[in-house]
2 protein chains.
Amino acid sequence: MRTYRQYCSIAKALDVVGDRWTLLIIRELLVRGPARYTDIREGVPGIATNLLAERLRELIREGLVRRRDTPPPVAATVFELTERGRELEPVLLALGRWGAPYMYESPGQEDQFRSRWLAWPAAMLLTDGEPDAPLVTVELSAGDEPVVFEISGGRIQTRPSDGSEPDAWLRGTPQMLLGVLSGRLDLATARSEGLEFGGDERVIRRMQPVAA
Amino acid sequence: MRTYRQYCSIAKALDVVGDRWTLLIIRELLVRGPARYTDIREGVPGIATNLLAERLRELIREGLVRRRDTPPPVAATVFELTERGRELEPVLLALGRWGAPYMYESPGQEDQFRSRWLAWPAAMLLTDGEPDAPLVTVELSAGDEPVVFEISGGRIQTRPSDGSEPDAWLRGTPQMLLGVLSGRLDLATARSEGLEFGGDERVIRRMQPVAA
DNA sequence: CCGCATCCGGGGCGATACTG
DNA sequence: CAGTATCGCCCCGGATGCGG
């Protein structure tokens, strides 16, 4: 990107991450952790492959991303955020919070969706209502690759599903899942509108909104 | 801007404010308040006039900016942020905080600078060390149009200079002012390195860093 | 397959000139 | 003062190729 040539920290930040697609690549590396090139592409649908390669090169040069070859027998190259890259988390959370109202409008006809996008910020806005209870898991899916909430010790974190049986699971349209996770829709209402869920319902209720 | 076509609040936010120059226009309207077209241009140096016009049109259409004709005898048209536009403040603060390290490197050869850019975030990171003392003002300038800090009641706010005599003033290079306001440089050291200041020195010391 | 590089058409951007 | 108009150019988008 052409620099803005302004001695202002906002302009300097945008000189580095203001390019098209750049912040979405950072988002993907934040929610996924270390990821292969192909997995980043899957998580940033719509990006042209040459742009992804070029952006990653710039991000590495700027010190926000590191390229690492995993040792045998796995033998794959992964990209991961450096500490400096992870420091963009507050920026992405602020952006996502500002953009949330647009999510309550129905999604565009051809909008892509990944459960990960929803689960990651949700996990940061929810809290474990029973911090002393044992660890439980809730699986979330909208037809794509499922994500798992791990709930324990007062905290909620997300990780990819490993295929094992969760203590509870939710499945429905993206808006339905958003409604439930944001607390704007209670389970009974959501079920009547098409949400499917199973397992221990109390486990789901253990996820509480943290604050306004 | 082409939409990203992703049902993700970060992508939706970038659909609206991800275009080149857009966030810098928002910054300018945030630090200045209602401003005329020409003043925005001065505050966003480097932008082409057709782009400024187009961005303002989009921002109005998206409901972030309002265009208003001031009543006679002033007779000018001003642009100002709507409530929705002002809600981007946390995003810009987060971005500016992340970009701050780039400011400690020396500015680019042709970097433009406005004292306003520095004073606005500084005011939010500083606090009034003597909340019960009467209102005092500190004028800040780096050769451009000065900005005034108003310090009273525990708070620090910025406003344009109205030409009246401040209780204290600071003048120096952008980096020098940054060093003093960020607390990385004390007044004596800064003076020996070229900072000029006058008036009541205790007034300047009344500005305290609020936290890490 | 994975991780790109190359090619090419279109449109957003940048700079300048011009105008009610 | 508050914008249009115009015109290159380069970035972006989409497709394809290709070595490891």
Side-chain angles (χ1 to χ4, degrees), chain A residues 1-6 11 14-25 28-29 32 34-61 65-80 110-112, chain B residues 1-6 11 14-25 28-29 32 34-62 65-80 108 110-112:
Chain A
M1 147 171 296
R2 268 180 71 95
T3 171
Y4 285 110
R5 303 204 173 284
Q6 295 184 5
L14 291 173
D15 280 344
V16 176
V17 299
D19 260 329
R20 188 157 165 77
W21 294 109
T22 299
L23 282 176
L24 295 184
I25 295 170
E28 207 53 28
L29 291 174
R32 256 193 207 263
R36 293 177 306 172
Y37 185 90
T38 315
D39 293 329
I40 302 177
R41 275 194 69 177
E42 186 272 345
V44 188
I47 192 172
T49 173
N50 57 340
L51 285 187
L52 176 53
E54 185 183 326
R55 294 290 182 271
L56 284 173
R57 229 180 297 126
E58 293 170 5
L59 288 171
I60 289 168
R61 191 168 50 85
V65 168
R66 183 171 33 233
R67 187 199 156 108
R68 186 160 51 87
D69 291 325
T70 61
V74 198
T77 72
V78 295
F79 299 86
E80 60 187 356
E110 310 188 6
D111 274 10
Q112 296 284 324
Chain B
M1 150 171 296
R2 267 181 70 96
T3 171
Y4 284 111
R5 302 205 174 284
Q6 295 184 4
L14 291 173
D15 280 345
V16 177
V17 299
D19 261 329
R20 188 156 165 77
W21 295 108
T22 298
L23 282 176
L24 295 185
I25 294 170
E28 207 54 28
L29 290 173
R32 256 194 208 261
R36 295 176 305 173
Y37 185 89
T38 313
D39 292 331
I40 302 176
R41 276 194 67 180
E42 185 272 344
V44 187
I47 193 172
T49 175
N50 58 338
L51 285 188
L52 177 54
E54 184 184 326
R55 293 291 183 270
L56 285 173
R57 229 181 295 128
E58 293 170 6
L59 288 171
I60 289 169
R61 190 168 50 85
E62 296 287 351
V65 167
R66 184 170 34 232
R67 188 200 153 110
R68 186 161 52 87
D69 290 326
T70 61
V74 198
T77 73
V78 295
F79 299 87
E80 61 187 354
E110 310 189 5
D111 275 9
Q112 296 284 325

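The chains referred to below are lettered A, B, ... by the order of the sequence lines, with proteins before strands, and numbering in each begins at 1. FYI, side chains are in, hydrogens and waters are out, and symmetry mates aren't considered; it's all heavy atoms of this structure.
With sequence neighbours excluded, the residues forming a salt bridge (charged side-chain N to carboxylate O under 4.0 Å, His left out) with Glu80(A) are Arg66(A), Arg68(A), listed by chain and number. With sequence neighbours excluded, the residues satisfying side-chain contact (heavy atoms from CB on, under 4.5 Å) with Arg2(A) are Arg20(B). Every side-chain contact (heavy atoms from CB on, under 4.5 Å) that Asp111(B) has, sequence neighbours left out, goes to Arg5(A), Tyr7(A), Lys12(A), Pro107(B). By the salt bridge (charged side-chain N to carboxylate O under 4.0 Å, His left out) test, Arg36(B) pairs with Asp39(B), sequence neighbours left out. Thr49(B) meets the side chain to side chain donor-acceptor pair (under 3.5 Å) test with Tyr37(B); sequence neighbours excluded. Scanning for ring-ring contact (aromatic ring centres under 6.0 Å, His included) contacts around Tyr4(A) gives Trp21(B), with sequence neighbours left out.
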Pick out the pairs of N or O atoms, protein on one side and nucleotides 5-10 of chain C on the other, that lie under 3.5 Å.
unit_1, atom_1, unit_2, atom_2, d
dA5(C), OP2, Arg57(A), NH2, 2.8

Provide a list of protein-nucleic acid N or O atom pairs under 3.5 angstrom, restricted to nucleotides 18-20 of chain D.
none

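Of the residues in residues 41-48 of chain B, those with a non-hydrogen atom less than 4.0 angstrom from any atom of DNA chain C are Gly46(B), Ala48(B).
Rounded to 10 degrees, the angle separating the terminal axes of the helix from dC1(C)-dG20(D) to dG20(C)-dC1(D) is 30°, with each axis obtained from five end pairs.
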Run the side chain to side chain contact (heavy atoms under 4.5 Å, CB included) check on Leu52(B) and Ile40(B) step by step: do they pass? CA-CA 9 Å; Leu52(B) 177 54; Ile40(B) 302 176; 3.9 Å; yes
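Pairs passing the salt bridge (Lys or Arg N to Asp or Glu O under 4.0 Å) check and including a residue from residues 42-54 of chain B, sequence neighbours excluded, read Arg32(B)-Glu42(B), Glu42(B)-Arg114(B), Glu42(B)-Arg116(B).
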List the atom pairs, donor and acceptor, that lie under 3.5 Å between side-chain atoms in residues 69-77 of chain B and the rest of the protein, sequence neighbours left out.
unit_1, atom_1, unit_2, atom_2, d
Thr70(B), OG1, Ala76(B), N, 2.9
Thr70(B), OG1, Ala76(B), O, 2.8

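For the pair Thr77(B) and dC1(D), the criterion of a side-chain N or O lying under 4.0 Å from OP1 or OP2 is not met.
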